[in-house]
Amino acid sequence: MTSFKSFVPPQRILMGPGPSDVSQRVLDAMAKPTIGHLDPIFISMMDEIKTLLQYAFQTKNDLTFAVSAPGMAGMECCFANLVEPDDKVIIAKNGFFGERMKENVERFGGIPIVVDDVWGTKVDLNKIEDALNHHNDVKIVASVHAETSTGALTDPKSITKLAHDHGCLSIVDTVTGLAGVPLNVDEWEIDAIYSGTQKCLSASPGLSPISFSDKAKEKIMSRKSKVKSWFLDLNLIMSYWEGDGARSYHHTAPINALYGLHEALLILKEEGLENSWKRHLDNHLILRSGLEKLNIEFLVNEMDRLPQLNTIFIPDGVNDLKSRQRLINEFNLEIGAGLGVLAGKVWRIGLMGQSSNKKNIEHCLNSLAEVI
Ligand SMILES: *Cc1c(COP(=O)(O)O)cnc(C)c1O
């Protein structure tokens with residue numbers, strides 16, 4: 001019989017589309033003793049997480065918390081709660097995650113109206129406006145702030161404005177955006193927004209920060225039909241994250257993962273949100289000039305690039321899989337492969353959160369120069 005031993009993961013450098021490097025400080029926080037999730041001390045930490053998330057999102061929304069599951073659950077939570085049967089939802093699709101939004105709308109009984117843009121470009125506002133003019137009684141417009149599958153940055157502020165002008169709510173995916181590029185939920189009047197912990201926040205995966213405006217909250221509380229997911233029904237979750245003092249049991253929170261998120265948010269607060277945005281941009285520019293020296297080209301045009309996710313064309317004659325295997329085996333470096341229509345054509349280099357630093361950039365450029 002095989003004798004099993006404790007698992008010892010290698011020390012990798014994570015420069016893919018997530019997870020990003022998790023700092024020792026966050027890992028240490030997660031190694032602290034597990035306490036009860038209804039322990040008053042734990043509840044006060046949850047309250048702090050809420051306040052810190054409000055800071056990260058730049059919102060005063062009361063309904064701001066972390067869903068106890070990864071980014072995809074945040075997406076599902078928004079659609080499950082805001083879509084009622086036969087609701088029309090416009091989806092601005094310019095990559096992989098827009099496709100998943102469509103799936104969500106269908107599964108919750110809504111009618112998706114997909115507005116397509118070419119992968120690698122940002123969402124075209126004119127097309128969204130046309131769709132809004134063309135279809136009456138659309139209820140929601142959904143878009144992806146930072147398309148991790150392509151590295152394109154979209155403008156959720158303008159999309160939200162269009163949505164509101166047509167009496168719709170706006171749902172925004174900022175799983176990769178949060179803490180990496182400017183975002184101001186209240187100023188931009190976004191109604192529902194979700195993120196992830198393992199991208200620019202550099203906490204461990206498995207939680208989804210989420211926030212809802214009062215308007216979204218009203219819609220959820222006045223639904224005609226029950227939310228079709230028990231676990232994600234915000235009417236039930238609200239009493240767990242919101243009830244002051246007397247919280248009722250909904251599910252057991254991932255206690256140690258929340259310690260990690262708390263610490264990661266504290267690190268963000270210490271650095272300052274604007275400084276974090278600036279660091280991501282500055283490091284992107286350093287990586288960019290290094291890649292240009294290697295004659296490597298970007299997929300996305302300069303104006304619309306995400307600093308935290310750099311999608312580059314694989315140089316001619318270079319083997320995709322073999323090169324990435326060499327990067328991981330010889331250089332301990334993880335970068336991302338192309339997704340969907342871009343599979344085999346591009347690589348995705350993440351500069352997210354803790355991974356966004358000069359040492360990583362140098363290591364990445366040197367390693368790439370070896371394998372190509
Ligand atoms: C990573 C990602 C998700 C999904 O997050 P998971 O934590 O993997 O479930 C959703 N949307 C975007 C844009 C992402 O980058």
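Counting convention: from 1, in listed order, for ligands and their atoms alike.
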[X] neighbourhood, listing ligand 1 atoms whose heavy-atom distance to it stays under 4.0 Å:
X    : answer
A146 : 13 (C)
T148 : 12 (C), 13 (C), 14 (C), 15 (O)
G71  : 5 (O), 6 (P), 7 (O), 9 (O)
Q198 : 6 (P), 7 (O), 8 (O)
T176 : 15 (O)

> Of the options D191, D214, D87, which is the one that meets K219 in a salt bridge (charged side-chain N to carboxylate O under 4.0 Å, His left out)?
Replying inline: D87
> How does K199 reach ligand 1, if at all, at less than 4.0 Å between non-hydrogen atoms: by side chain, backbone, both, or neither?
Replying inline: side chain
>> Could you check whether W230 and H250 have their ring centres less than 6.0 Å apart?
In response: yes
>> Run D320 and W347 through side-chain hydrogen bond (donor to acceptor under 3.5 Å, both in side chains) and show every step you take.
In response: CA-CA 8 Å; D320 176 16; W347 285 333; 2.8 Å; yes
Please write down residue, atom name and distance for the protein heavy atom closest to [atom].
atom                    : result
atom 9 (O) of ligand 1  : M72 N, 2.8 Å
atom 11 (N) of ligand 1 : D173 OD2, 2.7 Å
atom 3 (C) of ligand 1  : F97 CE2, 3.4 Å

>> Taking the cut-offs as 6.0 angstrom to the six-membered ring centre and 45 degrees off its axis, would you call K345 and F313 a cation-pi pair?
In response: no
> Under 30°, 30 to 60°, or over 60°: which ring-plane class applies to F298 and H284, parallel, tilted or perpendicular?
Replying inline: perpendicular
> Is it true that a side-chain atom of S202 and a backbone atom of D21 form a donor plus acceptor pair closer than 3.5 Å?
Replying inline: yes
> Does E147 come within less than 4.0 Å of ligand 1, judged by its heavy atoms?
Replying inline: no
> Which is it for S211 and T64 under the side-chain hydrogen bond (donor to acceptor under 3.5 Å, both in side chains) test, yes or no, and what are the steps along the way?
Replying inline: CA-CA 4 Å; S211 184; T64 302; 2.9 Å; yes
